[in-house]
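Note that these values count all heavy atoms, side chains included, but never hydrogens, waters or copies made by symmetry. Count residues from 1 along the sequence.
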Amino acid sequence: MLCINNPYTDAAFNLAAEEYLLKNVKDDVFMVWQNEPAVILGKHQDKAMEVDLAYADKHQIGVYKRQSGGGAVYHDLGNVNLTFIETSQQPNFDKYVGWMRQFLSGLGVDVQADERRGLYLNGLKVSGSAQYMYKDRVMFHATLLFSSDLDRIKALLL
């Protein structure tokens, strides 16, 4: 497995890197990355329905779309992103959630997963995920909140 600790924090670059790795690299990939403040939308979302665009513009927060579906998420340096890419004819997305839970448990953090593969700590959501398939390649990516600006999240996401 190719393990990438991506030091770049530009959302457009990082989303393009995911797409490139999915479509052009045949090895399994695990990438850890962060973004400067940005809102990332699922591919079917309308930004005007999901984001306070005036707030985003005022605070110079970019709004981007990812290839996968799912809901809008806020990224900043208080959030880490994890991307898993594999070749698979029968994807098992729950295994990635299991790996995340196992890692966090090793740190003494006991999280629970829901049916949508979100992770919760003491009833509060700390991770969301989305999936995408391209030919025989599977991408699972997730956020992991640890110290993001919660007031900014509330102000940005509708």
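At distances below 3.5 Å, at least one donor-acceptor pair connects side-chain atoms of D76 with backbone N or O atoms of D149. Between the side chain of Q45 and the backbone N or O of A72, at least one donor-acceptor pair lies under 3.5 Å.
With sequence neighbours excluded, no residue forms a side-chain hydrogen bond (donor to acceptor under 3.5 Å, both in side chains) with T143.
Y120 and D114 form a side-chain donor-acceptor contact under 3.5 Å, judged by distance and modelled atom types alone. When only modelled atom types and interatomic distance are considered, R117 and S129 share no side-chain donor-acceptor pair under 3.5 Å. A side-chain donor-acceptor contact under 3.5 Å links N14 and N6. T83 and E18 form a side-chain donor-acceptor contact under 3.5 Å, judged by distance and modelled atom types alone.
Taking the six-membered ring where the residue is Trp, F93 and F140 present parallel rings, their angle staying beneath 30° rather than reaching 60°. Ring geometry, W99 versus Y96: the interplanar angle exceeds 60°, so the pair is classed perpendicular (tilted spans 30 to 60°).
The shortest distance between side-chain heavy atoms of K65 and K47 does not fall below 4.5 Å. The shortest distance between side-chain heavy atoms of V51 and I61 does not fall below 4.5 Å.
The two residues A48 and L53 come nearest to each other via the heavy atoms CA-CD1, 4.0 Å.
Remark: E86 does not engage K26 in a salt bridge, criterion side-chain N to carboxylate O under 4.0 Å.
The hydrophobic clustering, which links ILVMFWY residues whose side-chain heavy atoms are closer than 4.5 Å, places M100 and L107 together.
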Show your working on ring-ring contact (aromatic ring centres under 6.0 Å, His included) between W33 and H141 and close with a plain yes or no.
CA-CA 11 Å; W33 50 287; H141 46 194; 7.5 Å; no
Could you go through the side chain to side chain contact (heavy atoms under 4.5 Å, CB included) check for I153 and S148 one step at a time?
CA-CA 8 Å; I153 294 171; S148 286; 4.1 Å; yes
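Paired with L121 under the rule side chain to side chain contact (heavy atoms under 4.5 Å, CB included), one option of V126, D110, L104 passes, and it is V126.
Annotation: F103, atom CZ; neighbour count of heavy atoms from other residues, nucleotides and ligands within 6.0 Å does not exceed 12. In the displayed structure, M1 atom CE is contacted under 6.0 Å by more than 12 heavy atoms of other residues, nucleotides or ligands.
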